[in-house]
Amino acid sequence: MRIGLVTGPWIQVPPATYGGTERVVDTLARGFAAAGHEVLLAAPSDSTCPVQLVPGMRPTDYGGLGTTISELSHVVRAYEGLKGVDIIHDHTVAGPLYLHRPGGVPLATTIHGPIHEQAADIYRAVARSGAVIAISRDQASHAPTVPVTRVIHHGMDLSAVPVGSGSGGYLCFVGRSCPDKGLVEAIAIARQAGMHLKIAVKMREPEEIRYFRDVIEPMLGPNEDFVGEVDDATKYRLMGEAAAFLNPIQWSEPFGLVMIEALATGTPVVGTYIGSAPEIVKHGRTGFLGKTEELAGFVPAAAALDRAGCRKSVEDRFSAERMVAEHLELYSDLIEGRMPPGVPHGTRLHQNR
(Lines give C-alpha, C1' and ligand atoms only; values in the text may rest on other atoms or scores of the structure.)
Protein backbone atom coordinates (compact mmCIF):
# COMPACT_ATOMS: atom_id res chain seq x y z
CA MET A 1 0.00 0.00 0.00
CA ARG A 2 0.94 3.64 -0.43
CA ILE A 3 -0.24 5.17 2.84
CA GLY A 4 -0.76 8.90 3.40
CA LEU A 5 -0.62 10.10 7.02
CA VAL A 6 -1.61 13.59 8.16
CA THR A 7 -0.79 15.16 11.52
CA GLY A 8 -1.35 18.68 12.82
CA PRO A 9 0.96 21.66 12.28
CA TRP A 10 1.89 22.29 15.91
CA ILE A 11 4.29 19.53 16.96
CA GLN A 12 6.91 17.75 14.88
CA VAL A 13 6.90 13.98 14.33
CA PRO A 14 8.26 12.47 16.50
CA PRO A 15 7.90 15.02 19.31
CA ALA A 16 10.98 16.07 21.22
CA THR A 17 9.08 15.86 24.53
CA TYR A 18 5.30 16.17 24.87
CA GLY A 19 3.03 15.06 22.02
CA GLY A 20 0.97 11.90 22.34
CA THR A 21 -0.71 12.01 18.92
CA GLU A 22 2.57 12.72 17.15
CA ARG A 23 4.26 9.89 19.03
CA VAL A 24 1.55 7.46 17.90
CA VAL A 25 1.77 8.62 14.25
CA ASP A 26 5.55 8.25 14.31
CA THR A 27 5.17 4.68 15.56
CA LEU A 28 2.62 3.92 12.84
CA ALA A 29 4.75 5.44 10.08
CA ARG A 30 7.84 3.48 11.10
CA GLY A 31 5.81 0.30 11.48
CA PHE A 32 4.18 0.61 8.07
CA ALA A 33 7.54 1.23 6.44
CA ALA A 34 9.10 -1.74 8.23
CA ALA A 35 6.23 -3.90 6.92
CA GLY A 36 7.15 -2.93 3.35
CA HIS A 37 4.56 -0.24 2.68
CA GLU A 38 5.30 3.18 1.20
CA VAL A 39 4.51 5.99 3.62
CA LEU A 40 3.97 9.66 2.80
CA LEU A 41 3.76 11.82 5.92
CA ALA A 42 2.18 15.29 5.93
CA ALA A 43 3.68 16.83 9.06
CA PRO A 44 5.67 19.96 9.95
CA SER A 45 8.72 20.22 7.70
CA ASP A 46 11.13 19.98 10.65
CA SER A 47 9.85 16.49 11.48
CA THR A 48 12.51 13.77 11.64
CA CYS A 49 10.39 10.63 11.19
CA PRO A 50 12.41 8.48 8.73
CA VAL A 51 9.75 8.24 6.00
CA GLN A 52 9.03 10.43 2.99
CA LEU A 53 7.65 13.83 4.05
CA VAL A 54 5.12 15.72 1.94
CA PRO A 55 7.04 18.61 0.32
CA GLY A 56 5.97 22.20 0.83
CA MET A 57 4.86 21.87 4.46
CA ARG A 58 5.70 24.65 6.92
CA PRO A 59 7.88 24.21 10.01
CA THR A 60 6.31 23.56 13.39
CA ASP A 61 3.77 26.27 14.25
CA TYR A 62 3.62 25.86 18.02
CA GLY A 63 2.54 29.49 18.42
CA GLY A 64 -0.63 28.70 16.48
CA LEU A 65 -1.52 25.75 18.71
CA GLY A 66 -5.22 24.96 18.49
CA THR A 67 -6.10 27.69 16.01
CA THR A 68 -8.36 26.95 13.05
CA ILE A 69 -6.42 28.98 10.49
CA SER A 70 -3.14 27.23 11.34
CA GLU A 71 -4.69 23.78 11.00
CA LEU A 72 -6.62 24.58 7.81
CA SER A 73 -3.58 26.04 6.06
CA HIS A 74 -1.63 22.93 7.01
CA VAL A 75 -4.41 20.64 5.77
CA VAL A 76 -4.60 22.38 2.37
CA ARG A 77 -0.87 21.88 1.83
CA ALA A 78 -1.06 18.30 3.10
CA TYR A 79 -3.76 17.20 0.68
CA GLU A 80 -2.03 18.88 -2.24
CA GLY A 81 0.90 16.54 -1.63
CA LEU A 82 -1.07 13.34 -1.09
CA LYS A 83 -2.08 12.64 -4.65
CA GLY A 84 -1.47 9.03 -5.72
CA VAL A 85 -1.83 7.36 -2.32
CA ASP A 86 -4.05 4.31 -1.77
CA ILE A 87 -5.37 5.34 1.64
CA ILE A 88 -5.30 8.52 3.76
CA HIS A 89 -5.29 8.40 7.55
CA ASP A 90 -5.86 11.90 8.85
CA HIS A 91 -5.16 12.68 12.51
CA THR A 92 -6.37 16.30 12.36
CA VAL A 93 -9.89 17.49 13.13
CA ALA A 94 -10.45 19.65 10.05
CA GLY A 95 -8.76 17.49 7.42
CA PRO A 96 -11.39 14.75 7.03
CA LEU A 97 -13.94 17.41 6.05
CA TYR A 98 -11.68 19.08 3.47
CA LEU A 99 -13.53 19.41 0.16
CA HIS A 100 -10.58 19.02 -2.19
CA ARG A 101 -8.95 15.83 -0.98
CA PRO A 102 -7.92 13.33 -3.70
CA GLY A 103 -10.99 11.76 -5.26
CA GLY A 104 -11.66 8.05 -4.83
CA VAL A 105 -9.11 7.59 -2.05
CA PRO A 106 -10.52 5.95 1.12
CA LEU A 107 -10.18 8.00 4.28
CA ALA A 108 -9.77 7.05 7.92
CA THR A 109 -9.51 9.38 10.88
CA THR A 110 -8.70 8.82 14.54
CA ILE A 111 -10.50 10.66 17.35
CA HIS A 112 -7.70 11.62 19.70
CA GLY A 113 -9.73 13.75 22.10
CA PRO A 114 -12.95 13.51 24.07
CA ILE A 115 -16.15 13.22 22.03
CA HIS A 116 -18.14 16.10 23.48
CA GLU A 117 -21.25 17.44 21.76
CA GLN A 118 -19.38 19.65 19.27
CA ALA A 119 -16.89 16.91 18.41
CA ALA A 120 -19.75 14.49 17.86
CA ASP A 121 -21.20 16.84 15.23
CA ILE A 122 -17.88 16.74 13.37
CA TYR A 123 -17.34 12.99 13.50
CA ARG A 124 -20.91 12.16 12.50
CA ALA A 125 -20.25 14.20 9.35
CA VAL A 126 -16.86 12.53 8.79
CA ALA A 127 -18.46 9.07 9.10
CA ARG A 128 -20.61 9.75 6.03
CA SER A 129 -17.57 9.28 3.79
CA GLY A 130 -14.82 7.77 5.90
CA ALA A 131 -13.91 5.38 8.69
CA VAL A 132 -13.81 6.70 12.25
CA ILE A 133 -11.39 5.11 14.72
CA ALA A 134 -11.80 5.44 18.48
CA ILE A 135 -8.83 4.84 20.78
CA SER A 136 -10.78 3.20 23.62
CA ARG A 137 -14.16 1.64 24.21
CA ASP A 138 -14.81 4.18 26.92
CA GLN A 139 -14.18 7.05 24.48
CA ALA A 140 -16.64 5.57 21.98
CA SER A 141 -19.26 5.01 24.68
CA HIS A 142 -19.56 8.75 25.34
CA ALA A 143 -20.97 9.43 21.86
CA PRO A 144 -23.38 6.65 20.88
CA THR A 145 -24.57 8.69 17.87
CA VAL A 146 -21.10 8.69 16.26
CA PRO A 147 -20.67 5.67 13.93
CA VAL A 148 -17.29 4.36 15.14
CA THR A 149 -15.81 1.89 12.68
CA ARG A 150 -13.14 0.36 14.90
CA VAL A 151 -11.61 0.75 18.35
CA ILE A 152 -7.81 0.52 18.12
CA HIS A 153 -5.83 0.99 21.30
CA HIS A 154 -2.54 2.85 21.08
CA GLY A 155 0.69 0.89 21.02
CA MET A 156 4.34 1.75 21.51
CA ASP A 157 7.78 0.69 20.32
CA LEU A 158 9.36 -1.12 23.24
CA SER A 159 12.85 -1.43 21.78
CA ALA A 160 14.10 1.78 23.43
CA VAL A 161 12.28 1.32 26.75
CA PRO A 162 14.36 -0.38 29.47
CA VAL A 163 12.74 -2.18 32.37
CA GLY A 164 13.67 -0.37 35.56
CA SER A 165 14.38 -1.88 38.95
CA GLY A 166 11.76 0.12 40.86
CA SER A 167 14.34 0.56 43.61
CA GLY A 168 14.32 4.37 43.73
CA GLY A 169 12.08 4.49 46.78
CA TYR A 170 9.77 7.12 45.31
CA LEU A 171 6.51 7.53 43.40
CA CYS A 172 6.32 9.49 40.16
CA PHE A 173 3.84 11.57 38.21
CA VAL A 174 4.16 12.53 34.53
CA GLY A 175 1.57 14.67 32.80
CA ARG A 176 0.38 18.15 31.95
CA SER A 177 0.01 21.06 34.35
CA CYS A 178 -3.79 21.14 34.58
CA PRO A 179 -6.50 20.04 37.02
CA ASP A 180 -7.68 17.10 34.87
CA LYS A 181 -4.41 15.19 35.22
CA GLY A 182 -4.67 14.98 39.00
CA LEU A 183 -1.36 16.45 40.13
CA VAL A 184 -2.90 17.96 43.26
CA GLU A 185 -4.30 14.53 44.08
CA ALA A 186 -0.95 12.83 43.35
CA ILE A 187 0.82 15.10 45.83
CA ALA A 188 -1.74 14.24 48.51
CA ILE A 189 -1.56 10.50 47.73
CA ALA A 190 2.23 10.41 48.02
CA ARG A 191 2.15 12.25 51.32
CA GLN A 192 -0.54 9.94 52.69
CA ALA A 193 1.50 6.94 51.57
CA GLY A 194 4.62 8.37 53.22
CA MET A 195 6.64 8.34 49.99
CA HIS A 196 8.62 10.91 48.07
CA LEU A 197 7.08 12.10 44.78
CA LYS A 198 8.99 13.05 41.62
CA ILE A 199 6.99 15.27 39.26
CA ALA A 200 7.57 15.76 35.52
CA VAL A 201 5.04 18.01 33.78
CA LYS A 202 4.50 19.82 30.51
CA MET A 203 4.11 23.51 31.31
CA ARG A 204 4.22 25.68 28.17
CA GLU A 205 0.76 27.18 27.63
CA PRO A 206 -0.27 30.29 29.60
CA GLU A 207 -3.02 28.39 31.42
CA GLU A 208 -0.58 25.59 32.31
CA ILE A 209 1.91 28.10 33.70
CA ARG A 210 -0.83 29.90 35.67
CA TYR A 211 -2.10 26.65 37.13
CA PHE A 212 1.38 25.65 38.24
CA ARG A 213 2.15 29.09 39.68
CA ASP A 214 -1.18 29.58 41.45
CA VAL A 215 -2.03 26.04 42.56
CA ILE A 216 0.90 23.61 42.40
CA GLU A 217 3.94 25.68 43.35
CA PRO A 218 2.49 26.81 46.70
CA MET A 219 1.87 23.15 47.58
CA LEU A 220 5.39 21.90 46.91
CA GLY A 221 7.50 20.99 49.90
CA PRO A 222 10.35 18.69 50.92
CA ASN A 223 8.33 15.61 49.94
CA GLU A 224 8.20 16.66 46.26
CA ASP A 225 10.91 16.88 43.62
CA PHE A 226 9.83 18.93 40.58
CA VAL A 227 11.90 17.96 37.53
CA GLY A 228 9.95 19.80 34.76
CA GLU A 229 9.38 18.54 31.23
CA VAL A 230 11.66 15.66 30.24
CA ASP A 231 12.73 13.80 27.10
CA ASP A 232 11.90 10.15 26.53
CA ALA A 233 15.11 8.67 27.91
CA THR A 234 14.83 10.69 31.13
CA LYS A 235 11.13 9.89 31.42
CA TYR A 236 11.70 6.15 31.14
CA ARG A 237 14.46 6.27 33.78
CA LEU A 238 12.20 8.31 36.06
CA MET A 239 9.33 5.84 35.64
CA GLY A 240 11.48 2.74 35.77
CA GLU A 241 13.06 3.48 39.14
CA ALA A 242 9.75 4.47 40.75
CA ALA A 243 8.00 2.06 43.10
CA ALA A 244 4.70 2.96 41.43
CA PHE A 245 3.32 5.45 38.92
CA LEU A 246 0.50 7.72 40.09
CA ASN A 247 -2.26 8.48 37.59
CA PRO A 248 -5.18 9.93 39.60
CA ILE A 249 -6.86 11.49 36.55
CA GLN A 250 -9.99 13.52 37.21
CA TRP A 251 -11.65 13.19 33.80
CA SER A 252 -12.60 10.49 31.29
CA GLU A 253 -9.29 10.45 29.42
CA PRO A 254 -9.75 8.80 25.98
CA PHE A 255 -6.47 6.87 26.26
CA GLY A 256 -3.71 7.29 28.80
CA LEU A 257 -0.54 6.68 26.79
CA VAL A 258 1.50 7.53 29.87
CA MET A 259 0.08 4.46 31.62
CA ILE A 260 1.41 2.03 29.03
CA GLU A 261 4.74 3.88 29.09
CA ALA A 262 4.97 3.33 32.85
CA LEU A 263 3.97 -0.32 32.54
CA ALA A 264 6.55 -0.80 29.78
CA THR A 265 9.26 0.20 32.26
CA GLY A 266 7.89 -2.43 34.65
CA THR A 267 6.28 0.10 36.97
CA PRO A 268 2.74 -0.61 38.27
CA VAL A 269 0.08 2.09 37.94
CA VAL A 270 -2.05 3.42 40.78
CA GLY A 271 -4.90 5.55 39.48
CA THR A 272 -8.56 6.35 39.29
CA TYR A 273 -10.76 3.93 37.38
CA ILE A 274 -12.45 6.49 35.16
CA GLY A 275 -11.92 6.88 31.41
CA SER A 276 -9.84 4.27 29.61
CA ALA A 277 -7.84 3.20 32.67
CA PRO A 278 -9.70 -0.12 33.16
CA GLU A 279 -8.87 -1.05 29.55
CA ILE A 280 -5.16 -0.59 30.29
CA VAL A 281 -4.51 -1.51 33.94
CA LYS A 282 -5.38 -4.98 35.23
CA HIS A 283 -6.46 -4.37 38.80
CA GLY A 284 -4.32 -6.35 41.22
CA ARG A 285 -1.93 -7.53 38.49
CA THR A 286 -0.40 -4.47 36.80
CA GLY A 287 -1.65 -1.85 39.23
CA PHE A 288 -4.64 -0.76 41.25
CA LEU A 289 -7.62 1.38 40.29
CA GLY A 290 -10.08 3.03 42.62
CA LYS A 291 -11.57 6.25 43.87
CA THR A 292 -9.10 9.05 44.60
CA GLU A 293 -9.47 8.64 48.34
CA GLU A 294 -8.58 4.91 48.10
CA LEU A 295 -5.35 5.26 46.16
CA ALA A 296 -2.84 5.92 48.96
CA GLY A 297 -3.86 2.61 50.49
CA PHE A 298 -3.01 0.77 47.27
CA VAL A 299 0.59 2.02 47.07
CA PRO A 300 2.30 -0.69 49.20
CA ALA A 301 0.57 -3.52 47.33
CA ALA A 302 1.32 -1.92 43.97
CA ALA A 303 5.02 -1.65 44.79
CA ALA A 304 5.06 -5.40 45.43
CA LEU A 305 3.55 -6.38 42.06
CA ASP A 306 5.55 -8.34 39.50
CA ARG A 307 7.40 -5.84 37.30
CA ALA A 308 8.02 -8.42 34.57
CA GLY A 309 4.27 -8.94 34.42
CA CYS A 310 3.72 -5.21 33.93
CA ARG A 311 6.13 -5.18 31.01
CA LYS A 312 4.59 -8.32 29.50
CA SER A 313 1.12 -6.76 29.60
CA VAL A 314 2.37 -4.05 27.23
CA GLU A 315 4.19 -6.54 25.02
CA ASP A 316 1.01 -8.61 24.73
CA ARG A 317 -1.62 -5.89 24.44
CA PHE A 318 -0.06 -2.53 23.55
CA SER A 319 2.87 -3.23 21.24
CA ALA A 320 3.59 -1.20 18.12
CA GLU A 321 3.29 -4.41 16.09
CA ARG A 322 -0.28 -5.02 17.27
CA MET A 323 -1.31 -1.42 16.60
CA VAL A 324 0.28 -1.43 13.13
CA ALA A 325 -1.36 -4.75 12.20
CA GLU A 326 -4.82 -3.59 13.24
CA HIS A 327 -4.48 -0.41 11.19
CA LEU A 328 -3.26 -2.30 8.12
CA GLU A 329 -6.21 -4.68 8.38
CA LEU A 330 -8.61 -1.73 8.44
CA TYR A 331 -6.85 -0.02 5.51
CA SER A 332 -7.12 -3.20 3.42
CA ASP A 333 -10.82 -3.44 4.17
CA LEU A 334 -11.37 0.18 3.12
CA ILE A 335 -9.31 -0.08 -0.07
CA GLU A 336 -11.13 -3.23 -1.12
CA GLY A 337 -14.52 -1.74 -0.32
CA ARG A 338 -15.24 -3.81 2.76
CA MET A 339 -16.38 -1.28 5.35
CA PRO A 340 -16.11 -3.14 8.65
CA PRO A 341 -19.11 -3.30 10.96
CA GLY A 342 -19.34 -0.52 13.49
CA VAL A 343 -18.52 -0.83 17.17
CA PRO A 344 -21.53 -1.59 19.40
CA HIS A 345 -22.55 1.56 21.24
CA GLY A 346 -23.45 2.11 24.84
CA THR A 347 -21.08 -0.53 26.21
CA ARG A 348 -18.46 0.96 28.50
CA LEU A 349 -15.74 -1.20 30.00
CA HIS A 350 -15.94 -0.67 33.74
CA GLN A 351 -13.40 -1.20 36.48
CA ASN A 352 -11.91 -4.69 36.24
CA ARG A 353 -11.62 -5.68 39.86
Would you find more than 12 non-hydrogen atoms of other residues, nucleotides or ligands less than 6.0 Å from [X] atom [atom1]?
| X | atom1 | value |
| --- | --- | --- |
| Glu336 | CD | yes |
| Glu207 | CD | yes |
| Arg191 | CZ | yes |

Given side chain to side chain contact (heavy atoms under 4.5 Å, CB included), test Thr21 with Thr110 step by step and report yes or no.
CA-CA 10 Å; Thr21 298; Thr110 296; over 6 Å; no

With clusters defined by side-chain heavy atoms of hydrophobic residues (ILVMFWY) lying less than 4.5 Å apart, directly or transitively, does [Y] cluster with [X]?
| X | Y | value |
| --- | --- | --- |
| Tyr331 | Val105 | no |
| Val93 | Val76 | no |
| Tyr236 | Val163 | no |
| Val174 | Ile11 | no |
| Ile135 | Ile249 | no |

Less than 4.0 Å between a side-chain N and a carboxylate O, is that true for [Y] and [X]?
| X | Y | result |
| --- | --- | --- |
| Lys202 | Glu229 | no |
| Asp232 | Arg23 | yes |
| Arg210 | Asp214 | no |
| Lys198 | Glu224 | no |
| Asp61 | Arg58 | no |

Just by distance, no angles: are the side chains of [X] and [Y] close enough, under 3.5 Å, to form a donor-acceptor pair?
| X | Y | result |
| --- | --- | --- |
| Thr17 | Arg204 | yes |
| Glu241 | Ser165 | yes |
| Thr92 | His74 | no |
| Ser70 | Trp10 | yes |
| Ser129 | Arg101 | yes |

Rounded to the nearest 0.5 Å, what separates atom [atom1] in [X] from atom [atom2] in [Y]?
| X | Y | atom1 | atom2 | result |
| --- | --- | --- | --- | --- |
| Gln118 | Ile122 | CD | CD1 | 7.5 Å |
| Thr292 | Ile274 | OG1 | CD1 | 7.0 Å |
| Arg30 | Leu28 | CZ | CG | 11.5 Å |
| Gln12 | Leu53 | CD | CG | 11.5 Å |
| Leu197 | Asp225 | CG | CG | 9.0 Å |
| Thr272 | Gln250 | OG1 | CD | 6.0 Å |

Looking at every non-hydrogen atom in both residues, tell me the closest pair between [X] and [Y] and how far apart they are.
| X | Y | result |
| --- | --- | --- |
| Val314 | Ala264 | CG2-N, 3.6 Å |
| Ile115 | Val146 | CG2-CG2, 4.1 Å |
| Ala186 | Leu246 | O-CD1, 3.6 Å |
| Val270 | Ala244 | CG2-CB, 4.3 Å |
| Gln139 | Gly113 | NE2-O, 2.8 Å |
| His154 | Ile260 | O-CD1, 4.2 Å |

Could you point out which residue of Thr267, Thr286, Thr265 forms a side chain to side chain donor-acceptor pair (under 3.5 Å) with Arg307?
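Looking at Thr267, Thr286, Thr265, the match for Arg307 under the side chain to side chain donor-acceptor pair (under 3.5 Å) is Thr267.
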
Do Arg150 and Asp333 pass the salt bridge (Lys or Arg N to Asp or Glu O under 4.0 Å) test, and can you show the C-alpha distance, the side-chain angles, and the key distance before you say yes or no?
CA-CA 12 Å; Arg150 189 75 55 87; Asp333 286 345; 3.7 Å; yes

With a 3.5 Å distance limit and no angle check, can you tell me whether [X] reaches the backbone of [Y] through a side-chain donor-acceptor pair?
| X | Y | result |
| --- | --- | --- |
| Asp46 | Thr60 | yes |
| Asp86 | Ile3 | no |
| Thr109 | Asp90 | yes |
| Arg317 | Glu279 | yes |
| Thr149 | Ala131 | no |
| Ser319 | Arg322 | yes |

Within a strict 4.5 Å, meaning less than it, do heavy atoms of the [X] and [Y] side chains meet?
| X | Y | answer |
| --- | --- | --- |
| Tyr211 | Glu217 | no |
| Ile189 | Glu293 | no |
| Val85 | Met1 | no |
| Val161 | Met156 | yes |
| Val201 | Arg176 | no |
| Glu261 | Met239 | yes |
| Leu171 | Val299 | yes |

Pair His153 and Phe318, ring centroids less than 6.0 Å apart
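Ring-ring flag for His153/Phe318: true, centres closer than 6.0 Å.
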
Should Phe212 and Phe226 be marked as a ring-ring contact (aromatic ring centres under 6.0 Å, His included) after you check the CA-CA gap, both sets of side-chain angles, and the distance that decides it?
CA-CA 11 Å; Phe212 181 81; Phe226 178 74; 4.6 Å; yes

Phe298 and Phe288 aromatic ring geometry - parallel, tilted or perpendicular at 30°/60° bounds:
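Parallel.
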
Please work out whether the ring planes of His91 and His112 are parallel, tilted or perpendicular, with thresholds of 30° and 60°.
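Rings of His91 and His112: tilted, 30 to 60°.
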
Would Asp157 and Ser159 satisfy side chain to side chain donor-acceptor pair (under 3.5 Å), going step by step from the backbone distance to the final call?
CA-CA 6 Å; Asp157 179 6; Ser159 62; 2.8 Å; yes

